[in-house]
Protein chains: 2
Amino acid sequence: MPRGNCQGQGWWHGKFKGCGYRLTAGREAILDILSKSEGHLSAEDIYMKIHSRYPNVGLTTIYRTLEVLSNLGMVHKLDFGDRRARYELAEGPEGAHHHHHLVCTDCNKVVDYTDFIDEEVELLRETEKGLGAKYNFQITNHVIQFYGLCGKCSGKK
Amino acid sequence: MPRGNCQGQGWWHGKFKGCGYRLTAGREAILDILSKSEGHLSAEDIYMKIHSRYPNVGLTTIYRTLEVLSNLGMVHKLDFGDRRARYELAEGPEGAHHHHHLVCTDCNKVVDYTDFIDEEVELLRETEKGLGAKYNFQITNHVIQFYGLCGKCSGKK
DNA sequence: TCTGATAATGGAAATGGTTTTCACTAACTA
DNA sequence: TAGTTAGTGAAAACCATTTCCATTATCAGA
């Protein structure tokens, strides 16, 4: 994790500059894709989408950029149990809707839900505060996920 | 995921038999290791520990057994962001202490915490019920994890 | 605007945890 | 006890992600 924890300034031009990162076409392209398509893209998904419009952005750059974005807290890296990471934009400038995930362990279908979110977030905030103090952690993120079988998969026995 | 969802019978001999799995030395060895050492073992950790006492249990068997155990709900498969899965025994027969995890994104140190667990579990139970009904999911497991920098890592800037 | 320092890039090769293959062995059922 | 078939180990395959390295591009300062 290079350059310490640079979180919570303005939106991303400023964020990048402020942390000593350079602004490049590839990075803009990746952020562009992420903000236009919604949820749960793998590095390769992004690569494909980018490739038609920016044919000279390599997979390596995608991975590197996603790591940077993740370090900056602008992107969440998710694990749904198939063996590839998924990425989604964290709340944007206009505060996208916070949500958590419900994952089918059989077909890997993922449901974003916002039900109960307020209670969850409230408890999480409390917990975060408590844990941070007790264990001397500077908490920056959390994951809540439920796993089970979706209707289709539990149906097929 | 073979053999559907066989969860919630007795303890493990019965569980295995009931689901059509056979009882083998390797499987006993793995369960033995898991119940004796605590928390967060990778497949290779288990392999090492097993190898001294049961030299003819291969890594492949470890992986296969862990998958079975995970399907049976006897083991939780965890992801702490380094790229290897960790496994820990789910609540044993005498109800081991339920806990969640606090992970340092820099050094990968993991803290098991039980603070706030009651509130968390309570909310989770509610949410689980609600989500299960609304999205027609048969929920079997959940993950809550907090990520951040531990004292040591946030100190070194 | 030009320029130098160095961050960023992309393609290819390496990595390494996990899965698959396959021939063999051992559990369990009848 | 025998037959069926689940389980096994070793080696090979897999494949998402990282690393290497020579080249290019960004940007701060002159």
Side-chain angles (χ1 to χ4, degrees), chain A residues 1-4 6 12-31 40-48 50-51 53-72 75 77-87 105 108, chain B residues 1-4 6 12-31 40-48 50-51 53-72 75 77-87 105 108:
Chain A
M1 187 171 288
R3 283 167 246 223
C6 294
W12 68 279
H13 279 228
K15 249 183 173 169
F16 266 68
K17 296 300 196 67
C19 296
Y21 292 109
R22 292 178 180 175
L23 237 40
T24 69
R27 289 176 176 175
E28 281 196 270
I30 292 168
L31 274 166
H40 317 162
L41 277 60
S42 68
E44 192 156 356
D45 291 338
I46 297 172
Y47 179 66
M48 311 264 242
I50 276 192
H51 205 262
R53 217 159 5 128
Y54 308 79
N56 44 354
V57 172
L59 230 199
T60 312
T61 293
I62 313 260
Y63 277 109
R64 277 187 290 226
T65 299
L66 287 170
E67 200 201 332
V68 168
L69 293 174
S70 174
N71 289 162
L72 290 175
V75 154
K77 185 177 182 179
L78 304 168
D79 165 49
F80 295 144
D82 58 350
R83 49 192 8 279
R84 75 187 57 197
R86 309 285 172 150
Y87 301 85
T105 50
N108 283 312
Chain B
M1 187 172 288
R3 281 166 247 223
C6 294
W12 68 280
H13 279 227
K15 251 184 173 169
F16 266 66
K17 296 299 194 69
C19 297
Y21 292 108
R22 292 178 181 174
L23 237 40
T24 68
R27 288 175 177 176
E28 282 198 271
I30 292 168
L31 273 166
H40 318 163
L41 276 60
S42 68
E44 192 157 357
D45 291 338
I46 297 172
Y47 179 66
M48 311 264 244
I50 276 192
H51 205 261
R53 215 157 7 127
Y54 310 78
N56 44 354
V57 172
L59 229 200
T60 313
T61 293
I62 314 260
Y63 277 108
R64 278 187 288 227
T65 299
L66 287 170
E67 201 200 331
V68 168
L69 293 174
S70 175
N71 289 162
L72 290 175
V75 153
K77 184 176 183 179
L78 305 167
D79 164 49
F80 295 144
D82 57 350
R83 48 191 12 277
R84 74 187 57 196
R86 309 287 173 149
Y87 301 85
T105 50
N108 284 311

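Computed from a prediction, not measured in an experiment: that's the story for all the values here.
- We find the CG-CG distance between B/L31 and B/L69 to be 5.0 Å, quoted to the nearest 0.5 Å.
- We find that CG of B/N71 is positioned 16 Å from P of D/dA6, with the value rounded to whole Å.
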Where do N or O atoms of nucleotides 16-20 of chain C meet protein N or O atoms at under 3.5 Å, pair by pair?
from, atom 1, to, atom 2, distance (Å)
C/dG17, OP1, B/R84, NH2, 2.8
C/dT18, OP1, B/A85, N, 2.7
C/dT18, OP2, B/Y63, OH, 2.4
C/dT18, O5', B/Y63, OH, 3.3

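- In this structure, the CG atom of B/N56 is 13 Å from the C1' atom of D/dA10, given to the nearest Å.
- B/D45 is linked by a side-chain hydrogen bond (donor to acceptor under 3.5 Å, both in side chains) to B/S42, counting only residues two or more places apart in sequence or in another chain.
- As rounded to whole Å, 16 Å separates atom P of D/dA25 from atom CD of A/E28.
- Taking atom CD1 on B/I30 and atom P on D/dG7, their separation rounds to 12 Å, with Å as the unit.
- Following rounding to the nearest Å, A/I50 (CD1) and C/dT9 (P) show an atom-to-atom distance of 11 Å.
- Contact of the B/L23 side chain with the B/H13 side chain is registered, since non-hydrogen atoms from C-beta on lie closer than 4.5 Å.
- Rounded to whole Å, atom C1' of D/dT8 lies 17 Å from atom OH of B/Y54.
- A/H13 places its NE2 atom 13 Å from the P atom of D/dT26, with the value rounded to the nearest Å.
- Straight-line distance from the CZ atom of A/F16 to the P atom of D/dC27: 11 Å, rounded to whole Å.
- In this view, B/R27 and B/F16, B/Y21, B/T24, B/T65, B/V68 satisfy the side chain to side chain contact (heavy atoms under 4.5 Å, CB included) rule, not counting sequence neighbours.
- In this structure, the side-chain hydrogen bond (donor to acceptor under 3.5 Å, both in side chains) partners of A/R86, at least two apart in sequence or on a different chain, are A/D82.
- Rounded to the nearest 0.5 Å, atoms CE (A/M48) and CG (A/L59) are 9.5 Å apart.
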Please encode protein proximity along nucleotides 24-30 of chain C as a string of B, S and -, counting only heavy-atom distances under 4.0 Å. --BBS--
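- A/Y87 contributes atom OH, which lies 6.5 Å from atom OH of A/Y63 (distance to the nearest 0.5 angstrom).
- Rounding to the nearest 0.5 Å places CD1 of A/I30 at 11.5 Å from CG of A/L41.
- A/H40 meets the ring-ring contact (aromatic ring centres under 6.0 Å, His included) test with A/F80, A/H101; sequence neighbours excluded.
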